[in-house]
Amino acid sequence: MATKNKAVDAYIAKSADFAKPILTHLRELVHKACPDVVETIKWGTPSFEYKGILCGFASFKAHCSFGFWKASLMKDNELLLSNAKSEAAMGHLGKLTSLKDVPSDKRITAWIKDAMRLNDEGVKVEKKKPVTQKELEIPGYFTKAVQKNKKAWKLFEAFSPSNKKEYVLWVDEAKTEDTRNKRLEQAIEWMAEGKPRNWKYMKEYR
């Protein structure tokens, strides 16, 4: 017999009237396809677990959503095209506003079985490596010019990486050498005064 969580009961009961039959139907399909599924609440919405997270649904003011945790690894190409770009993606069936929007029981059951297979096999979604910020490259001419003004150089070195980057890019991206030199001269003047590149937009410098 299916084990149901009272928290999920309460979630469905509090949902809009249009959503209740959709959520109830999806819930029954999950239990029918996966008798060992465990219901829980994650991130404020119902989630179904079977050897890990399997799928989940959510109810909003005007629509419902239903998605699979490992959708990006599932076999159904159409599902993959439905914004299944990550294992945490939701709403793979689009906006569900009535039972007419819900795919056939046969198809949803096949998706659930496929998601179960992935968990049975212990397949994990490859975690994306964090993007490492490229170290700021300060042009030689910039360093040489700023170092001539000891106060400006001292303050430049004390600046945060973002403040340094703003000055370097502003000067180095000038389209002409004349513009670059003018910007560099202005930058040194402002840095000597302890001002960041965008000081004009900061309340403390007004």
Side-chain angles (χ1 to χ4, degrees), residues 1-136 160-162 165:
M1 184 176 178
T3 302
K4 295 185 178 180
N5 190 318
K6 290 183 179 180
V8 177
D9 290 335
Y11 182 93
I12 294 175
K14 291 180 181 179
S15 297
D17 288 341
F18 82 88
K20 291 175 183 177
I22 299 174
L23 301 181
T24 300
H25 182 66
L26 290 171
R27 186 187 195 185
E28 294 301 327
L29 286 178
V30 172
H31 279 279
K32 186 176 180 180
C34 183
D36 295 326
V37 75
V38 175
E39 295 185 344
T40 184
I41 297 291
K42 284 187 179 292
W43 307 290
T45 59
S47 178
F48 300 93
E49 297 185 350
Y50 168 76
K51 299 181 181 180
I53 301 177
L54 194 68
C55 56
F57 55 54
S59 175
F60 303 95
K61 289 183 179 181
H63 73 277
C64 297
S65 66
F66 182 70
F68 293 90
W69 186 251
K70 296 178 180 178
S72 60
L73 300 176
M74 292 169 68
K75 295 178 179 179
D76 195 315
N77 289 329
E78 185 175 326
L79 181 63
L80 294 177
L81 293 175
S82 300
N83 300 321
K85 295 179 180 179
S86 72
E87 74 278 13
M90 282 292 288
H92 300 123
L93 306 186
K95 293 183 178 181
L96 307 174
T97 60
S98 73
L99 285 173
K100 292 180 180 179
D101 296 328
V102 180
S104 68
D105 292 1
K106 182 178 179 180
R107 193 158 202 188
I108 292 179
T109 298
W111 289 332
I112 296 169
K113 293 288 187 181
D114 195 24
M116 289 172 62
R117 174 188 62 79
L118 292 172
N119 286 1
D120 280 330
E121 296 175 359
V123 178
K124 295 182 179 180
V125 176
E126 185 179 351
K127 293 183 178 180
K128 294 182 180 180
K129 295 181 180 179
V131 179
T132 55
Q133 291 189 347
K134 186 178 180 181
E135 187 176 346
L136 177 65
S160 66
S162 60
K165 184 177 181 179

For the backbone of [Y] and the side chain of [X], can you confirm whether one donor and one acceptor N or O come within less than 3.5 Å of each other?
| X | Y | value |
| --- | --- | --- |
| Lys113 | Ala33 | yes |
| Ser15 | Tyr11 | yes |
| Asp114 | Ala110 | no |

If I compare all heavy atoms of [X] with all of [Y], which pair ends up nearest, and what's the gap?
| X | Y | answer |
| --- | --- | --- |
| Ile53 | Asn119 | O-ND2, 3.3 Å |
| Leu73 | Leu118 | CB-CD1, 4.0 Å |
| Val30 | Ile112 | CA-CD1, 3.7 Å |
| Ala62 | Thr97 | O-CG2, 3.4 Å |
| Pro21 | Leu99 | O-CD2, 3.7 Å |

Nearest 0.5 Å, what's the [atom1]-[atom2] distance between [X] and [Y]?
| X | Y | atom1 | atom2 | answer |
| --- | --- | --- | --- | --- |
| Cys55 | Tyr50 | SG | OH | 13.0 Å |
| Phe18 | His63 | CZ | NE2 | 8.0 Å |
| Lys20 | Ser59 | NZ | OG | 9.5 Å |
| Phe66 | Ile22 | CZ | CD1 | 12.5 Å |

Side-chain touch Leu26/Leu96, heavy atoms, less than 4.5 angstrom: yes
Heavy-atom side-chain proximity of Ile41 to Ser47 below 4.5 angstrom: no
Pair Lys32 + Glu28: basic N to acidic O under 4.0 Å: no
Phe60 vs Ser65, side-chain contact (heavy atoms from CB on, under 4.5 Å): CA-CA, chis, key distance, verdict: CA-CA 8 Å; Phe60 303 95; Ser65 66; 3.6 Å; yes
Sequence neighbours excluded, every pair satisfying salt bridge (charged side-chain N to carboxylate O under 4.0 Å, His left out) that has a member inside residues 48-69: Lys42-Glu49, Lys51-Asp120
Mutual orientation of the aromatic rings belonging to Phe48 and His31 [parallel < 30°, tilted 30-60°, perpendicular > 60°]: perpendicular
Residues Ile12, Val8; criterion side-chain contact (heavy atoms from CB on, under 4.5 Å); working and verdict: CA-CA 6 Å; Ile12 294 175; Val8 177; 4.2 Å; yes
Heavy atoms from other residues, nucleotides or ligands near NZ of Lys165 exceed 12 (cutoff 6.0 Å): no
Arg27 vs Leu23, side-chain contact (heavy atoms from CB on, under 4.5 Å): CA-CA, chis, key distance, verdict: CA-CA 6 Å; Arg27 186 187 195 185; Leu23 301 181; over 6 Å; no
Trace of the side-chain hydrogen bond (donor to acceptor under 3.5 Å, both in side chains) decision for Thr109 with Asp105: CA-CA 6 Å; Thr109 298; Asp105 292 1; over 6 Å; no
